[in-house]
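Have a look at the structure below before the remarks.
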Amino acid sequence: MMNIVERKNNGLGDAFSAGSRSATAPSRRPVAFESFGEYMAVKEQKLRVQQQDDAMASVGVLQVARGPLWGVCVWVDGRTDPPRDALRTLVTQAGGRFETYLHRELVTHVVGTHFARGRAMELRRAVQTRRGGATRPLYVVKPAWILDSIRAGRPLPEWQYGVDEISRDSRQTVLPVSRPGCVPSEEDADAMSRLDLPPSVPCGPETPIESNTSLTEEESAASESSEHWQSDKMECTDFGVSTSAPTMAYALRGLLSSRENPHFVRDFFAQSRLHFIGSFRETYETILRRLQSDRQPSSLDRMPQTLPRRDRFVLHVDMDAFFVSVSLAKRPHLRGKPVAVCHSGTGEHSRAEISSASYEARARGVRANMFFGEARRLCPELVMVPYDFSAYKAACEVLYRIFFAEADLVEGVSIDEAYLLLQHCSEVERAEEIASRIRQRILQEIEGCTASIGIGRNKLFARLATKYGKEKLGKGSQFVLIDRAHPDGFGSPMGAALRSFLDEVPIRAIPGVGWSTEARLRDAMKATSGSSQDNEVLLVASVREHFNLEGLEKLLGSANGNRLYRFLDGMDSRPVQPIGPRKSVSAQIGWGIRFLSTEEDKVRSFMIDLSLVAR
DNA sequence: ATCCTCCCCTAC
DNA sequence: TAAGGTAGGGGAGGAT
Ligand SMILES: [Mg+2]
Ligand SMILES: [Mg+2]
């Protein structure tokens with residue numbers, strides 16, 4: 001993966017860094033890609049088989065099966081000598097396995113020479129726990145262990161090859177490099193002058209951001225830093241290349257490959273839905289600037305308001321199947337049909353990921369993040385509609401114009417979603433009227449689009465109301481979650497109606513509870529009470545029943561635990577808050593990265609292109 | 001104590 | 001064929 005980050009410092013100018021990193025197991029963090037973990041697992045398995053096949057093809061089946069590293073499973077961290085590619089060949093031909101990701105259950109030997117502090121601590125912990133436990137031990141060794149073991153024809157004792165640096169301070173290496181149009185800090189200018197890098201490409205006088213640019217080789221590269229780079233030009237040559245890229249089994253060609261398409265960065269971002277979604281803050285800043293210059297009297301520039309109060313309501317507005325709806329405005333003949341937005345949906349085996357599915361498609365089981373081919377098997381009439389990012393952006397601007405005109409305070413969440421605060425609004429009927437008007441305006445002013453709105457006394461209930469409304473009532477829904485027995489009531493204790501609603505909410509629907517938190521809650525509950533309803537949906541009620549405040553704080557950390565604890569009781573003190581300017585900007589690509597270790601110039605120009613995207 | 005770094009997690 | 005990004009909050013634990 002290649003990445004660039006620029007963040008605000010303590011007023012001393014901006015730090016800017018870029019680099020490449022090898023991946024840690026993405027299966028641990030499927031978060032947004034429920035189906036993606038499975039996809040990766042299949043891909044990794046194919047890769048293991050292929051690596052073994054390759055090894056057997058080149059040195060023979062017997063040689064591999066009787067190899068000295070049979071039963072050994074290696075994972076390489078950071079830059080090594082010999083490089084990762086060479087180690088892979090050596091290991092697989094000696095009967096060992098070579099993992100792309102640090103799967104803790106599989107890997108027996110971590111190979112490296114220098115480790116970043118964080119990684120070092122992590123490994124130290126892993127070594128400790130595995131030493132005492134019933135599982136196989138985990139070794140952290142230098143690359144020489146592999147070479148010597150192969151030479152000796154058997155795995156040598158690991159202790160002679162321990163990595164001393166694992167316990168010493170070793171920060172991630174930062175390689176200073178110039179970002180076009182930016183003034184490097186003195187320190188970095190000095191560092192750069194010692195490097196053999198091309199001069200900055202001059203760039204317009206506008207946006208004279210004070211920033212320094214640097215390339216990091218993450219995952220603990222050589223800790224000698226710039227001296228190392230200065231003295232060893234060959235090292236510099238394979239900068240940014242020791243990534244997950246060469247481990248991918250297949251070669252991408254033509255425009256899909258970073259090494260064959262000189263406009264790869266531009267082309268990739270022009271097509272990436274995640275880039276588009278992720279660029280919301282940038283889009284939003286642009287929209288805000290435009291609205292401000294229009295001088296519309298509106299809720300711009302208001303201060304955040306503490307919640308709750310009896311005369312305040314929170315609306316949560318979320319567009320229904322946003323991408324599909326916008327795309328269908330130009331294709332009215334497809335309305336009412338099962339439609340999905342994705343790239344090139346041809347064939348039953350398409351691996352294009354669906355970004356948005358129409359409600360008709362959802363009724364047939366089609367979901368976002370599904371491969372198009374899979375969806376096609378569920379619903380053969382499914383129609384593919386291409387992305388139209390600029391149309392989404394235009395719709396977004398209209399949407400926010402409506403928000404700012406109708407609400408007292410706006411907190412943008414995403415391209416199609418926001419929290420609105422209604423102040424001086426005592427009756428829920430009034431809040432419902434405003435919500436209806438907003439939905440009506442969206443219907444009229446954004447062609448083909450409907451929105452769902454949730455109404456509550458705080459963000460938590462507003463959000464849950466939208467979710468529930470969409471699920472039970474479908475698109476264009478409006479749903480209220482307040483305590484009707486105490487119409488101006490809020491806080492604790494929560495009314496009985498709200499409480500029993502909350503009881504039945506899946507814990508995963510609570511803000512901040514994702515894939516990992518749910519698993520931790522599950523595990524903790526299983527460990528103490530042995531209650532093992534494994535495939536049951538975990539509900540708020542059972543989590544509330546099982547944990548006290550201390551328990552949650554211990555499990556999730558003090559801030560997260562405390563917040564969840566309050567959410568379980570319907571309490572949410574997060575204010576509706578206008579979002580300010582970003583504290584950092586970044587750009588990264590983890591798709592289609594292929595470089596040869598001889599292509600330093602290509603890598604360099606790739607990184608420069610990438611740095612220009614982060615703005 | 002507080003800061004800093006390197007993560008992990010979450011949301012869209 | 002197919003486009004696995006972006007930003008923020010927060011925790012662990014060593015450095016100061
Ligand atoms: Mg939506
Ligand atoms: Mg949304």
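Proteins come first, then strands; the chains are lettered A, B, ... in the order of their sequence lines, and each starts at number 1.
Within the 4.0 Å cut-off from OP1 or OP2 of C/dT1, not a single side-chain nitrogen or oxygen of A/H343 is found. At the phosphate of C/dA7, OP1 or OP2 sits under 4.0 Å from a side-chain N or O atom of A/R582. Between C/dA7 and A/S586, a contact under 4.0 Å exists linking OP1 or OP2 to a side-chain N or O. Taking 4.0 angstrom as the limit, A/S584 places none of its side-chain polar atoms (N or O) nearer than this to OP1 or OP2 of C/dT6. The side chain of A/S516 places an N or O atom within less than 4.0 Å of a non-bridging phosphate oxygen (OP1 or OP2) of B/dC9. At least one side-chain nitrogen or oxygen of A/T517 sits closer than 4.0 Å to the OP1 or OP2 atom of B/dT10.
The shortest side-chain heavy-atom distance between A/L552 and A/L521 falls under the 4.5 Å cut-off. Taking 4.5 Å as the limit, every side-chain heavy atom of A/F606 sits out of range of all side-chain heavy atoms of A/D609. Put simply, the side chain of A/Y565 does not reach to within 4.5 Å of the side chain of A/F547, judged on heavy atoms.
No donor-acceptor distance shorter than 3.5 angstrom exists from the side chain of A/R48 to the backbone of A/E99, with no hydrogens or angles considered. Between the A/S586 side chain and the A/V5 main chain, no donor and acceptor come within less than 3.5 Å of each other. Proximity of a side-chain donor or acceptor of A/R362 to a complementary backbone N or O of A/A357 within less than 3.5 Å is detected.
Contact annotation for A/G512: backbone-only contact, meaning every heavy-atom pair under 4.0 Å involves sugar-phosphate atoms and none involves a base. Across all strands, A/I415 comes closer than 4.0 Å to no nucleic acid atom at all (heavy-atom distances). At a threshold of 4.0 angstrom between heavy atoms, the contacts of A/F269 are confined to the sugar-phosphate backbone, with no base atom among them. Counting non-hydrogen atoms under 4.0 angstrom, A/R463 reaches the backbone sugars and phosphates but no base. The residue A/E417 sits close only to the backbone: its heavy atoms come under 4.0 Å of sugar-phosphate atoms, none of a base. No contact: A/A270 has no heavy atom under 4.0 Å from any strand.
Straight-line distance from the CG atom of A/L460 to the C1' atom of B/dA11: 15 Å, rounded to whole Å. One atom, CZ of A/F567, and another, P of B/dA11, lie 10 Å apart when rounded to the nearest Å. Going from atom CE of A/M1 over to atom C1' of C/dG5 covers 9 Å, rounded to whole Å. Between the CG atom of A/N369 and the C1' atom of C/dG5 there is a distance of 13 Å, given to the nearest Å. When rounded to the nearest whole Å, the span between CD of A/Q588 and C1' of C/dA3 equals 14 Å. The nearest whole Å value for the distance from the CZ atom in A/R266 to the P atom in C/dG5 is 19 Å. Separating the CD atom of A/E553 from the P atom of C/dG11 is a distance of 9 Å, rounded to the nearest angstrom. Here C/dG11 presents its C1' atom at 13 Å from CG of A/L555, a figure rounded to the nearest Å.
In this structure, A/L556 and A/H275 both approach DNA chain C, and ranking their closest nucleotides by distance from the 5' end singles out A/H275. Nearest-nucleotide mapping onto DNA chain C: of A/H349 and A/E282, the residue sitting toward the 5' end is A/H349.
With C/dG11, C/dA3, B/dC12 as the candidates, the nucleotide lying closest to the side chain of A/D416 is B/dC12. Among the nucleotides C/dT1, C/dG5, C/dG8, the one closest to the side chain of A/R281 is C/dG8. In the set C/dT6, B/dC12, C/dT1, the nucleotide with an atom closest to the side chain of A/S279 is C/dT6. Nearest nucleotide to the A/A559 side chain, out of C/dT6, C/dG8, C/dG11: C/dG11. Out of C/dT6, C/dG5, C/dG11, the shortest distance to the side chain of A/N560 is found at C/dG11. Closest to the A/V413 side chain, of the nucleotides B/dT10, C/dG5, B/dC12, is B/dC12. Distance from the side chain of A/K583 is smallest for C/dG8 among the nucleotides C/dG8, C/dA3, B/dT10.
Ion pairing of A/R401 with A/E397 is present here, as a side-chain N (NZ or NE/NH1/NH2) and a carboxylate O approach within less than 4.0 Å.
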